[in-house]
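A short worksheet on the structure shown next.
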Amino acid sequence: MTSSPDRRSVLAGLIAAGLAPWTSAAAEAAPITRPIPATGERIPAIGMGTWITFNVGDDRELRDSRLEVLRSFFELGGRVVDSSPMYGTAEAVLGHCLARLPADVPLFSATKVWTWRQSNGPEQMAESRRLWGVKRFDAMQIHNLLNWEGHLETLAADKAAGRVGLIGITTSHGGRHEEMERIMRSQPVDLVQFTYNIVDREAEPRLLPLAAERGLGVIVNRPFRQKQLFEMFARHPLPGWAGEIGCANWAQFFLKFVISHPAVTCAIPATSRVDHMRENMGALQGPLPDAAMRRRMIHYVESL
């Protein structure tokens, strides 16, 4: 599944220009991209998570439906796919789907190591490569800071050996921000991943500015707070001025809020439906809110 570096560079350039050769949809307009600070490589600001949605086991019908979700993701200009060994069968299902897509899909592969013992990390990561069908991962992250000291040592060696491209740490649900801040300040990581959305903004005062200061990529998980933001707000109409930032639905409203923060590199919403994937990827088109509009968006949802 992994293309040569030269080919991947060409494909990445085509995606950034909205000229992916396998899709007319991506060619309609260049998607919003952000550079990864450590490398300068530009990636689409909307990626795809796999927590729960791709944990479907061996069910053939469900695997086939996830294949169509992933196919739509790439057709609409997506690249970054994020998973973890903690997500049940998600990595196996991803590998099943990737094997049935064209070999030149511009996959930016991101997964995690998730085990207490440092000595078990290399075997787990090798199994992830086997499940995905890739020779290396573009990004390897330490899931929820689990034994981060030991695994970071392993990841640094893997990066030097070319088994991974970027290394990082993750947390979620707004937890362990103080520990993450200490690691960001003191350790040689390239990426951080944490929760950020229009309701959960704990990352704004410290983590997001620090990431910008340190030149770290930021992957945002739970941009919809799983499904809760829709449950909270979708019964209300979008404000009329949402059209000023190209939002046709609540998914785009929530996602554009996240990716408009200048420190955010990519958000990774998860979905099991093609129609929802199309809504999500629509956030890659059109204008983004400025600081004043972001405040207006917050005020609106707080008023509902």
Side-chain angles (χ1 to χ4, degrees), residues 32-37 43-53 78 80-84 108 110 112 139 141-145 166 168-185 189-233 245 247 250-271 279-281 283-284 288-302:
I32 296 166
T33 62
R34 289 283 172 78
I36 300 170
I43 57 174
I46 304 296
M48 189 188 87
T50 56
W51 166 237
I52 298 178
T53 55
V80 179
V81 179
D82 177 270
S83 196
S84 171
F108 185 99
K112 307 176 186 78
Q141 305 151 96
I142 301 168
H143 195 125
N144 282 343
L145 306 182
L166 304 168
I169 53 175
T170 83
T171 186
S172 61
H173 296 76
R176 303 181 71 179
H177 282 192
E178 289 187 5
E179 185 173 7
M180 177 164 273
E181 182 180 358
R182 289 196 298 271
I183 299 168
M184 291 167 67
R185 291 189 181 280
V189 295
D190 304 304
L191 297 168
V192 290
Q193 181 181 141
F194 45 74
T195 295
Y196 179 56
N197 57 61
I198 200 167
V199 172
D200 300 310
R201 303 192 302 275
E202 295 89 344
E204 282 184 344
R206 294 161 64 183
L207 294 189
L208 285 165
L210 180 59
E213 174 189 327
R214 302 286 293 178
L216 304 179
V218 174
I219 299 175
V220 170
N221 58 45
R222 294 174 58 83
F224 299 145
R225 198 193 251 190
Q226 204 168 329
K227 297 180 180 180
Q228 290 182 25
L229 294 189
F230 296 105
E231 294 168 354
M232 293 167 68
F233 303 119
I245 52 172
C247 293
W250 277 107
Q252 292 164 14
F253 188 91
F254 299 142
L255 289 172
K256 285 204 171 192
F257 176 83
V258 171
I259 66 173
S260 65
H261 193 290
V264 170
T265 310
C266 180
I268 49 170
T271 184
E279 291 183 354
N280 294 349
M281 299 305 283
L284 285 177
L288 288 175
D290 60 13
M293 179 62 81
R294 285 169 55 81
R295 290 192 294 270
R296 192 177 187 185
M297 295 166 81
I298 292 169
H299 178 75
Y300 182 71
V301 298
E302 288 181 344

Closest non-hydrogen atom pair between [X] and [Y], with its separation:
X	Y	value
Gly168	Val189	CA-CB, 4.3 Å
Arg185	Glu213	NH1-OE2, 4.2 Å
Met180	Thr170	CE-C, 3.7 Å
Arg176	Asn144	NH1-O, 3.0 Å
Val199	Phe233	CG2-CE1, 3.9 Å
Ala139	Leu191	CB-CD1, 3.5 Å

How many angstroms lie between [atom1] in [X] and [atom2] in [Y], if you round to the nearest 0.5 Å?
X	Y	atom1	atom2	result
Ile245	Gln252	CD1	CD	9.5 Å
Thr53	Met48	OG1	CE	6.5 Å
Glu181	Glu178	CD	CD	7.5 Å
Arg214	Leu207	CZ	CG	13.0 Å
Asn221	Asp200	CG	CG	10.0 Å
Asn197	Gln226	CG	CD	12.0 Å

Counting distance only, does the side-chain N/O of [X] pair as donor-acceptor with the main-chain N or O of [Y] below 3.5 Å?
X	Y	value
Lys256	Cys247	no
Asp82	Pro269	no
Gln141	Val192	no
Thr265	Ile219	no

Can you sort out the partners of Phe254 under ring-ring contact (aromatic ring centres under 6.0 Å, His included), two or more places apart, ordered by chain and number?
Phe230, Trp250

Do the non-hydrogen side-chain atoms of [X] and [Y] ever get within less than 4.5 Å of each other?
X	Y	answer
Glu179	Ile183	yes
Ile298	Arg201	yes
Phe253	Val301	yes
Phe108	Leu166	yes
Phe224	Leu255	yes

Report the residue from Arg222, Arg225, Glu202 that forms a side chain to side chain contact (heavy atoms under 4.5 Å, CB included) with His173.
Arg222

Would Phe194 and Leu208 count as a side-chain contact (heavy atoms from CB on, under 4.5 Å) here? Give the steps.
CA-CA 10 Å; Phe194 45 74; Leu208 285 165; 3.9 Å; yes

With sequence neighbours excluded, tell me which residues meet side-chain contact (heavy atoms from CB on, under 4.5 Å) with Cys266.
Ile43, Val80, Ile268

